[in-house]
Amino acid sequence: MGRTGSPPVKSISSHRRRGTLEPIEADMSSPRHKLQIRTPVNPPAGQAFEQLAATLDAHGPVVLPALLLCDFGHLADGVERLEAAGAAALHLDVMDGRFVPQLTYGMVVVEAVRRATTRPIEVHLMVEEPESCVEAYAKAGADIVTVHVEGLTNPRRTLEQIASLGSRAHLAISPGTPVARIEPYLDVCDGVLVMSVEPGFGGQAFNPVALAKLSELAALRSQRGDGFRLAVDGGISTDTIGPVAAAGAELIVAGSAVIRTPDYARAISELEQLARSAA
Ligand code: DX5
Ligand code: ZN
């Protein structure tokens, strides 16, 4: 898989077909059968991510707004506003109340976001035993499924499983976890998410330990010839986005720095400009 040019090529058969009409019940003669057809999910698997990869290669780092602080009473409106504001992709924080203290949402909400946007969706799984649910989130429409190494018993197997489902497999590390812990799995990572806060809550202060890890991972990637993308999540602001981009971050998650502003387009554009001039 190449970091520049074409994204990783995966066999068509490994990609789920999205956007097809799936009858939930077999009895299509029923006069109500139209009500039993699921809303198509767009776009077809892989397409959205390929657009994101092209944007990264052409323009440099992108900001992924995190929905955690959105008004979930008007979720589709929030998603549409972020898309209209130019968000290249969206970041969804799934928390189970066990791996992290907070409980957020699950695949029903991921499916709802999938129906509301054509942009790529990253699902950041902060859950115990993520291997038990990666298939469900891939099927719910996640273009990127991100799993924490701290929660996995067999990281390689889970990353390969995510890839076999047609999603991009990203491995996350919390602030206290050294890069050495994930080095054995970098060859099967499509991306690495370096946490710059303790997972669990939006609006925390940036932990600079992430900068050294991003630099270490960027150096390892060029030494090894791997193609994984570098991502960062937590405490991103106009002050911290330049340093993370300079350290190699390409997919930059921003929650409060976007959602707590009145003008999403302005916030995303200002953050991306700062990242691109520092990269
Ligand atoms: C924290 C989450 C983050 C969070 C980011 O556990 O993984 O994605 O939403 O929010 P900010 O940018 O406010 O730190
Ligand atoms: Zn996150």
Side-chain angles (χ1 to χ4, degrees), residues 61-72 75 78-79 82 85 87-107 109-110 113 119-128 130 133-134 137 142-151 162 167-177 190-211 213-214 229-245 249-262 264 267-268 270-272 274-275:
V62 297
V63 165
L64 282 71
L67 271 61
L68 192 57
L69 301 171
C70 273
D71 175 359
F72 277 78
L75 179 59
V79 169
L82 287 167
L90 300 175
H91 179 93
L92 274 65
D93 291 304
V94 171
M95 305 185 190
D96 67 353
R98 295 168 69 209
F99 183 76
V100 290
Q102 196 179 179
L103 181 65
T104 56
Y105 49 78
M107 60 247 344
V109 169
V110 173
V113 174
R119 297 296 155 87
I121 293 173
E122 175 183 24
V123 172
H124 177 192
L125 291 175
M126 286 162 276
V127 301
E128 285 189 359
C133 63
V134 292
Y137 284 102
D143 299 278
I144 302 170
V145 177
T146 301
V147 284
H148 271 262
V149 71
E150 300 87 0
I162 295 167
S167 299
R168 265 57 184 189
H170 287 206
L171 191 56
I173 48 171
S174 292
T177 305
D190 292 313
V192 174
L193 179 69
V194 176
M195 291 302 297
S196 37
V197 295
E198 282 302 327
F201 299 95
Q204 302 181 73
F206 179 81
N207 183 338
V209 73
L211 296 174
K213 288 190 198 174
L214 287 165
R229 301 276 182 184
L230 277 173
V232 68
D233 182 8
I236 296 301
S237 67
T238 50
D239 293 331
T240 57
I241 197 162
V244 296
E250 304 164 278
L251 300 162
I252 303 177
V253 178
S256 41
V258 174
I259 307 299
R260 286 193 175 146
T261 67
Y264 292 171
I268 292 169
E270 184 185 7
L271 289 165
E272 285 185 342
L274 288 165

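In each ligand, atom 1 is the first atom listed, and ligand 1 is the first ligand listed.
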| request: May I ask whether Met126 has any heavy atom positioned less than 4.0 angstrom from an atom of ligand 1? | output: yes
| query | Does Ala257 have a non-hydrogen atom less than 4.0 Å from ligand 1? | reply |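 Heavy atoms of Ala257 never come under 4.0 Å of ligand 1.
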Could you say whether the N/O atoms of [X] and ligand 1 ever approach to under 3.5 Å?
X: Gly203; result: yes
X: Gly200; result: yes
X: Gly255; result: yes
X: Val197; result: no

Quick check on contacts: which atoms of ligand 1 are under 4.0 angstrom from a heavy atom of [X]?
X: Met195; value: 7 (O)
X: His91; value: 8 (O)
X: His124; value: 7 (O)
X: Gly235; value: 11 (P), 12 (O), 14 (O)
X: Gly202; value: 10 (O), 13 (O)
X: Gly234; value: 14 (O)
X: Leu68; value: 9 (O)
X: Pro199; value: 6 (O)

| request: If you have a sec, work out which protein heavy atom is nearest atom 9 (O) of ligand 1 and how many Å separate them, to one decimal? | output: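 Protein heavy atom with the smallest distance to atom 9 (O) of ligand 1: Asp93 OD2, 2.9 Å.
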| said: Considering non-hydrogen atoms of the protein only, which is the closest contact for atom 5 (C) of ligand 1, and what is the distance? | reply: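 Atom 5 (C) of ligand 1 sits closest to the protein heavy atom Asp233 OD1, 3.6 Å.
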| message | With a heavy-atom distance limit of 4.0 Å, tell me whether Ser256 approaches ligand 1 through its side chain, its backbone, both, or neither. | response |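 Both backbone and side chain of Ser256 come within 4.0 Å of ligand 1.
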| note | the Zn ion (ligand 2) -> Asp93, closest N, O or S atom is OD1
| Atom of Asp233 nearest the Zn ion (ligand 2) (restricted to N/O/S, atom name only) | OD2
Determine whether a donor-acceptor pair (N or O, by modelled atom type, separation under 3.5 Å) exists between the side chain of [X] and the backbone of [Y].
X: Arg119; Y: Ala87; value: yes
X: Tyr137; Y: Ile144; value: no
X: Gln102; Y: Met95; value: no
X: Glu150; Y: Thr177; value: no
X: Lys213; Y: Pro175; value: yes
X: Asp96; Y: Glu128; value: yes
X: Asp190; Y: His170; value: no

Which atom pairs, donor and acceptor, lie under 3.5 Å between side-chain atoms of residues 230-238 and protein residues at least two apart or in another chain?
| from | atom 1 | to | atom 2 | distance (Å) |
| --- | --- | --- | --- | --- |
| Asp233 | OD2 | His91 | NE2 | 3.2 |
| Asp233 | OD2 | His124 | ND1 | 3.2 |
| Ser237 | OG | Asp239 | N | 3.1 |
| Ser237 | OG | Thr240 | N | 3.3 |
| Ser237 | OG | Thr240 | OG1 | 3.4 |

| task | To 10°, measure the NE2(His91)-the Zn ion (ligand 2)-ND1(His124) angle for me. | result |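 Vertex the Zn ion (ligand 2), arms to NE2 of His91 and ND1 of His124: 100°.
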